[in-house]
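Just the heavy atoms: all of them, side chains too, but no hydrogens, waters or symmetry mates, feed the values below. All values reported here derive from a predicted model rather than from experimental measurement. A, B, ... follow the sequence lines: proteins, then strands. Residue 1 opens every chain.
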Amino acid sequence: KAGVTQTPRYLIKTRGQQVTLSCSPISGHRSVSWYQQTPGQGLQFLFEYFSETQRNKGNFPGRFSGRQFSNSRSEMNVSTLELGDSALYLCASSSGLKNIQYFGAGTRLSVL
Amino acid sequence: DQQVKQNSPSLSVQEGRISILNCDYTNSMFDYFLWYKKYPAEGPTFLISISSIKDKNEDGRFTVFLNKSAKHLSLHIVPSQPGDSAVYFCAASGFNSGGSNYKLTFGKGTLLTVNP
């Protein structure tokens, strides 16, 4: 089985712009979660989608949004980028609520 | 409020010795615990997990111990190898205190360095 695929791997944007990140989960996995990783902060949970519905949401501002398509692929959007949004954004998929999450390699976003 | 804590940002051990990584949690509703390993420029890789109904789970060189009364878990790596050098994340899943959200919560990670 192919693993979790995230595109693009690297992005450079400027303040005020918006960005869309993409995640293709493992085939058959219906749950997709997004995390932000910054130095010293570990993995901060953004949101989780299951069957095209947002099931959980972390404590991030409304500039961070996401969606999931019928084929379970997910996108994450960040609008009005700030310097502090520079981070590694990780996507993880799992087959159920209590199942192990499998991560993609991440998208490294740099905001200048 | 940090519900999963890894109080040691780094740990250095000699090849062949035991590595012990520790993790504490505060939410008594957590019912499943996991360890992930992360190399630079890669996503975290699942290593081993344990259910709250068990106190030990072993997989090869890796053993996870859970002490529910102390809300503490640890990962033992024996023997440690240079290829084990990575950041290790402890994670716990369960409902939040309000019983509404079931999600995975990560600690901030411990950088393990195994010296040859």
Notebook entry, point to check: Do other residues, nucleotides or ligands put more than 12 heavy atoms under 6.0 Å from Leu111(B) CG?
Noted result: yes
Checklist line | Joint hydrophobic cluster, Ile20(B) plus Val78(B), side-chain heavy atoms closer than 4.5 Å | finding: yes
Margin query: Taking side chain as everything from C-beta outward and backbone as N, CA, C, O, which of these in Leu104(B) sits under 4.5 Å from a heavy atom of chain A? Side chain, backbone, both or neither.
Written below: both
Margin query: side-chain contact (heavy atoms from CB on, under 4.5 Å) for Phe106(B) and Phe45(A)? Distances and angles first, verdict last.
Written below: CA-CA 8 Å; Phe106(B) 284 82; Phe45(A) 174 73; over 6 Å; no
Check: So does Asn59(A) have more than 12 non-hydrogen atoms from other groups sitting under 6.0 Å from CG?
Finding: no
Next item on the list: Please collect all ring pair (Phe, Tyr, Trp, His ring centres under 6.0 Å) contacts where either partner lies in residues 59-96 of chain A, sequence neighbours excluded, each pair once.
Entry: Phe60(A)-Phe64(A)
Notebook entry, point to check: What distance do Gln44(A) atom CD and Lys108(B) atom NZ have between them, rounded to the nearest 0.5 Å?
Noted result: 7.5 Å
Notebook entry, point to check: With side chains defined as the heavy atoms from C-beta onward, is the minimum distance between Phe46(B) and Phe103(A) less than 4.5 Å?
Noted result: no
Next item on the list: Report the distance from atom CD1 of Ile100(A) to atom OH of Tyr36(B), rounding to the nearest 0.5 Å.
Entry: 6.5 Å
Margin query: Using 0.5 Å steps for rounding, measure from the CD atom of Glu42(B) to the CG atom of Leu88(A).
Written below: 11.5 Å
Notebook entry, point to check: Around atom CZ of Arg61(B), are there more than 12 heavy atoms of other residues, nucleotides or ligands at under 6.0 Å?
Noted result: yes
Notebook entry, point to check: For the candidates Arg108(A), Gln37(A), Gln6(A), Arg9(A), which exhibits the highest count of non-hydrogen atom pairs separated by less than 4.5 Å from chain B?
Noted result: Gln37(A)
Check: Which atoms form the tightest heavy-atom contact between Leu43(A) and Pro44(B), and what is the distance?
Finding: CD2-CG, 4.1 Å
Note to self: Tell me whether the count of non-hydrogen atoms from other residues, nucleotides or ligands lying under 6.0 Å of CZ in Arg63(A) goes above 12.
What the structure shows: yes
